Structures are given as C-alpha cells and as structure tokens.
Amino acid sequence: MSLPKETDIAILGAGLAGLSIASWLDELVPAGADMPRLHLLEAREEDTHDRTWCFWDQSAHPFRDAISHRWQNWQVSHAGKQVVYYDPDYPYAMLPADAMRRSAYSRIAIRNELSLVRGVKVEAITPQSESLHLTTSQGQLDAKVVIDTRPPPLEALAESQGVWQVFHGVEVHQPHHGLGLSKAGLMDFQAGHAGIHFVYLLPLDEHHLLVEWTCFEADRHSETCQILLAPELPWMLANWLDKHLGKDWAVQRSETGCLPMMPITPPHINSRYLSAGIRGGWMRPATGYMFASCQRGAEDVAQQLLKAHAQKRWHLTPPRIRPSALNWMDKVFLQAMRQHPEAAPGWFLQLFANTTAAQQRRFLGDQPSAGDLLAIMQALPPGPFVRAALPRFSISRGH
C-alpha cells in the first residue's frame with residue numbers, strides 16, 4: 001500500500017504497542033460504526049518471529065485467543081532453594097509475536113479505516129497549525145495526531161538509575177525432555193558469573209522448550225552483553241543446555257533483546273504527539289514486563305482517539321500506566337540492585353518466598369493494591385533499600 005497525503009492518526013511502528021492500539025480501536029468500535037482513519041507506518045518490509053511476550057493472564061485484551069501456552073505454576077530458584085507457586089485461575093501465559101501479528105492483521109484487514117504501510121522510515125516530524133507533518137522515505141504525510149512507538153533515543157534514558165536486561169533465548173527441540181509442562185521457570189539464578197544472571201525456562205510441549213539466558217548489566221557494551229546479543233549461541237547457554245538436556249537438543253529459532261530497565265523521559269513535541277510503548281515508559285522499569293501495561297496504555301489511547309474523532313479536537317495526554325508509588329519503588333529497587341548486584345538474587349527469592357501468588361501476579365502485572373505494595377516492602381530486607389532511597393547514597397556509575 002502507498003502512503004497517503006493525509007490521515008487522522010499516524011502510528012510510527014507496527015510492533016506490540018502500535019498493533020495493540022489499532023486492535024483496541026477495532027475492539028471498541030462496533031462493526032460498521034464510524035471510526036478515525038489510522039495508518040501504521042512500519043520500517044520493516046517483512047516480519048520475523050523474533051520475540052514472545054509473557055504475563056499473568058488476569059485482564060481482558062484483544063489477543064486472548066492468540067495466547068499459545070499457559071502455566072499454572074511458576075518457580076524462582078537460587079543457591080539450591082526453590083519457591084513454587086500455583087494459581088489455576090490466573091496462569092502465566094505466553095503470546096508469540098507471530099500469533100499477535102496475525103490477530104492484529106486480521107482486524108486491520110476488515111476495517112477500511114485501518115492500514116499498514118511497510119518500508120516507511122520517518123525522517124522528520126514538523127508541527128503545523130492543525131496537524132503534524134511527516135517527512136518519510138516514501139513521501140510526505142500530514143496527520144492530525146502522531147503516536148510514536150519507535151525505540152527511545154538514548155538521551156531519554158536515565159542509564160545511571162537502572163540496568164539493561166540483555167537476553168539470548170532459543171526455542172529448543174529435545175525429544176522427551178521430561179520436564180513438567182505445567183511449570184514456568186521464571187528465574188533460575190546462575191552462580192559463577194559477574195553480575196546478575198539467570199535462566200528463564202518455559203516448557204512448550206513434551207519435545208520443545210523456550211530457554212533464555214538473561215543478565216542485568218549496567219553497561220550494555222560489556223563483553224557479556226555482546227556475547228548474548230551476537231547471532232551465535234552463547235557459550236554459557238550452550239553449556240547449560242548440555243548439562244540439563246544432554247547432547248540431543250537442537251535450536252529451532254533464536255531471539256535476543258536489550259531492554260532498558262530504567263526510568264524513561266518520553267520524547268515530546270506537542271499535544272498532537274504521543275510517545276508510546278517502551279518509548280513512552282510503558283515497560284515496567286524494574287522487571288522488563290511489558291504486555292499487561294501496554295494493553296492498559298493502548299486501551300486508554302484508543303479511547304482518547306475515539307473521543308478526539310467525535311469532538312474533532314485532536315489532542316492526546318499520556319496514559320497513567322501504573323501507580324506513582326510503584327514507579328518510586330522501582331527506582332529504589334533498581335538503585336539497590338546497581339549498588340549490590342551480588343545480593344539481588346537473594347532479594348528476588350525472598351520476594352517470592354514471602355508473598356502470595358496473588359500478590360506476585362498483581363505486583364508484577366502493574367495492578368497492585370496498597371496491601372500488595374506493603375507486602376512486597378515487608379518481604380525485602382530494609383537496609384539496602386533505605387540506603388538506595390536516600391539521595392546521598394545514590395551512585396551514577398556502573399557496578
């Protein structure tokens with residue numbers, strides 16, 4: 001499809017955030033009803049099955065039917081100790097990128113007002129009196145509002161206040177691996193490595209596993225990060241697979257990522273422009289979880305767009321993704337983790353051991369009650385977090 005001269009809504013990027021907003025618009029507007037024109041501008045010419053999103057399945061969203069796996073149990077392990085929880089009503093769930101895209105594309109295909117344009121690189125955004133003017137690799141476009149889901153620029157990231165979550169994951173074929181299919185391994189901390197390292201393990205069926213090696217690192221240019229982000233299978237992950245699966249495993253696909261677990265200042269132009277997704281601070285800083293908060297943000301934005309279309313007043317405000325108290329707790333936790341990376345695995349184990357399954361899923365899903373927040377604070381040792389909360393003890397260098 002070619003780029004039009006004008007539209008109501010231009011979404012920059014057709015990843016999770018962009019496709020979620022489009023899907024929520026379709027969800028909220030009855031078939032045949034009036035809705036605004038929306039164009040998703042995607043730089044990539046074609047998709048790859050390059051990631052998955054995991055979350056606790058505890059809220060309604062447009063992609064429920066695209067969830068591929070659910071686990072009723074989840075586990076955290078450190079230094080020979082394990083904590084396992086069980087929740088059959090709100091299981092841990094996985095949504096593959098290709099399934100999410102198929103779901104969103106099917107919605108776009110039946111709505112004349114929704115369009116996806118590929119191969120478009122946005123080069124400049126210029127404010128006009130009644131629109132934003134986009135200069136792109138495929139020509140010029142005027143949009144009443146622009147929602148920008150592209151990765152955030154480095155200057156928007158508070159790197160000194162957080163860490164990078166760097167991972168290399170593989171979907172592995174191992175005939176009759178023997179691991180229980182109802183339990184997700186969220187964090188199995190690995191000793192003998194500088195910094196914070198853990199294995200994330202999801203059994204997909206009796207012959208397939210998703211295994212990720214993850215590290216939390218203050219310096220994204222470190223040697224470990226470069227090893228994990230390389231196309232080749234990292235030696236530490238290969239050794240883990242050999243040790244736990246034997247020698248018959250085979251990698252079927254890979255996914256890598258470098259997520260900014262830190263406060264983000266969303267780029268801003270005016271009220272016709274909105275940063276969304278990771279760029280808008282929708283990802284949970286202290287955990288890297290994105291899907292649940294993205295759905296709340298996308299629903300809020302979709303409702304704003306429908307109101308703007310009805311009233312012909314095209315202005316947007318950033319959605320409130322999570323309680324301010326949660327943002328403060330995340331900053332303190334990240335600062336404490338930077339100061340004491342050697343203690344962080346024990347903190348995670350304590351957090352899971354001293355809270356309930358319901359408290360954990362609500363807290364990690366960005367929907368905690370006041371009681372949940374109190375339980376989380378009581379589950380952690382006070383000393384390191386009190387020191388991290390005091391400005392005079394804060395540091396601005398990596399560990």
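Quick caveat, the model's predicted, so the values are computed rather than measured.
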S23 side chain vs A104 backbone, donor-acceptor pair below 3.5 Å: no
Heavy-atom side-chain proximity of R111 to L25 below 4.5 angstrom: no
Electrostatic pair R118-E45, nearest N-O below 4.0 angstrom: no
Summary of salt bridge (charged side-chain N to carboxylate O under 4.0 Å, His left out) pairs that have at least one residue in residues 231-245, sequence neighbours excluded: D242-K247
Value rounded to 0.5 Å, distance of CZ in F198 from SG in C215: 9.0 Å
Between Q295 and S20: side-chain donor-acceptor atoms closer than 3.5 Å: yes
pair L154-R220: side-chain heavy atoms closer than 4.5 Å: yes
Donor-acceptor contact present, side-chain S131 to main-chain H133, <3.5 Å: no
F167 CZ to C225 SG distance, which is reported to the nearest 0.5 Å: 12.0 Å
Could you list the donor-acceptor pairs under 3.5 angstrom formed by side chains in residues 6-16, with sequence neighbours left out?
residue, atom, partner, partner atom, Å
T7, OG1, R37, O, 3.4
T7, OG1, H39, ND1, 2.8
D8, OD1, R37, NH2, 3.4
D8, OD1, K144, NZ, 3.2
D8, OD2, R37, N, 2.8

Derivation and outcome, side chain to side chain contact (heavy atoms under 4.5 Å, CB included), residues V199 and E212: CA-CA 6 Å; V199 168; E212 292 182 355; over 6 Å; no
Heavy-atom donor-acceptor pair, H168 side chain to L228 backbone, under 3.5 Å: yes
Closest contact, heavy atoms only, M261 versus F216: SD-CE2, 3.6 Å
Step-by-step side chain to side chain contact (heavy atoms under 4.5 Å, CB included) determination, T356 to Q359: CA-CA 5 Å; T356 67; Q359 290 167 339; 3.2 Å; yes
Test log, rule ring pair (Phe, Tyr, Trp, His ring centres under 6.0 Å), inputs F348 and F333: CA-CA 11 Å; F348 279 105; F333 188 85; 5.3 Å; yes
With Q360, the side-chain hydrogen bond (donor to acceptor under 3.5 Å, both in side chains) member among D87, T355, D372: T355
Interatomic distance, Q350 atom CD to F352 atom CZ [nearest 0.5 angstrom]: 13.0 Å
Co-membership, hydrophobic cluster, residues L95 and L364, 4.5 Å side-chain: no
Distance-only side-chain donor-acceptor flag, Q128 / T126, under 3.5 Å: no
Common cluster, M100/L204, ILVMFWY with side-chain heavy-atom separation under 4.5 Å: no
Co-membership, hydrophobic cluster, residues W249 and L210, 4.5 Å side-chain: no
Min side-chain heavy-atom separation L41-L116 under 4.5 Å: no
Under 3.5 Å side-chain donor-acceptor pair for N270 and H315: no
Distance under 6.0 Å and angle within 45° of ring axis: R284 vs F363: yes
More than 12 heavy atoms from other groups under 6.0 Å of CG on D65: no
Mutual orientation of the aromatic rings belonging to H61 and F63 [parallel < 30°, tilted 30-60°, perpendicular > 60°]: tilted
Check ion pair D330-R322 (N to O, under 4.0 angstrom): no
Min side-chain heavy-atom separation I108-L40 under 4.5 Å: yes
Student check: side-chain heavy atoms of L201 and L209 closer than 4.5 Å: yes
Interatomic distance, I21 atom CD1 to Q304 atom CD [nearest 0.5 angstrom]: 10.0 Å
S137 (side chain) donor-acceptor with K121 (main chain) under 3.5 angstrom: yes
Distance-minimising heavy-atom pair for P62 and R107: O-NH2, 3.3 Å
Ring-ring centroid check H193 W213, cutoff 6.0 Å: yes
Heavy-atom pair of closest approach, residues S254 and V170: OG-CG1, 3.7 Å
Shortest non-hydrogen contact from I278 toward P260: CG2-CG, 4.0 Å
E255 and R51: CA distance, side-chain angles, deciding distance, salt bridge (charged side-chain N to carboxylate O under 4.0 Å, His left out) verdict: CA-CA 6 Å; E255 54 184 64; R51 64 195 60 224; over 6 Å; no
Single hit among Y90, Y92, Y85 for ring pair (Phe, Tyr, Trp, His ring centres under 6.0 Å) with W56: Y92
Donor + acceptor pair across side chains of T135, Q140 (<3.5 Å): yes
Ring centres under 6.0 angstrom apart (H207, H176): yes
Common cluster, V120/Y105, ILVMFWY with side-chain heavy-atom separation under 4.5 Å: no
Spatial distance of atom CD (E130) from atom CG (D142) [nearest 0.5 Å]: 11.5 Å
Heavy-atom donor-acceptor pair, Q58 side chain to R361 backbone, under 3.5 Å: yes
Same apolar cluster (I L V M F W Y, side chains within < 4.5 Å links), I269/V145: no
Q252, CD: over 12 other non-hydrogen atoms inside 6.0 angstrom: yes
S293 side chain vs W282 backbone, donor-acceptor pair below 3.5 Å: yes
Any donor-acceptor pair under 3.5 Å from Q138 side chain to G119 backbone: yes
Pair Q367-S59, side-chain donor/acceptor within less than 3.5 Å: yes
4.5 Å side-chain heavy-atom contact, R387 and F385: no
Any side-chain heavy-atom pair of V163 and M262 under 4.5 Å: no
Pairs satisfying salt bridge (charged side-chain N to carboxylate O under 4.0 Å, His left out), at least one member in residues 292-320, at least two apart: R296-D366
Basic-acidic side-chain contact under 4.0 Å: R44, E46: no
Point-to-point distance, once rounded to the nearest 0.5 Å, from CD of Q378 to CG of L374: 4.0 Å
Carboxylate-amine/guanidinium contact D148 R279, below 4.0 Å: yes
Residue pair L316 / R272, side-chain heavy-atom distance below 4.5 Å: no
Smallest separation among heavy atoms of Q339 and A388, with atom names: NE2-CA, 4.2 Å
Minimal non-hydrogen separation, Y86 against A357, with atom names: O-CB, 4.1 Å
Check: E206 side chain, G178 main-chain N or O, donor-acceptor pair, under 3.5 Å: no
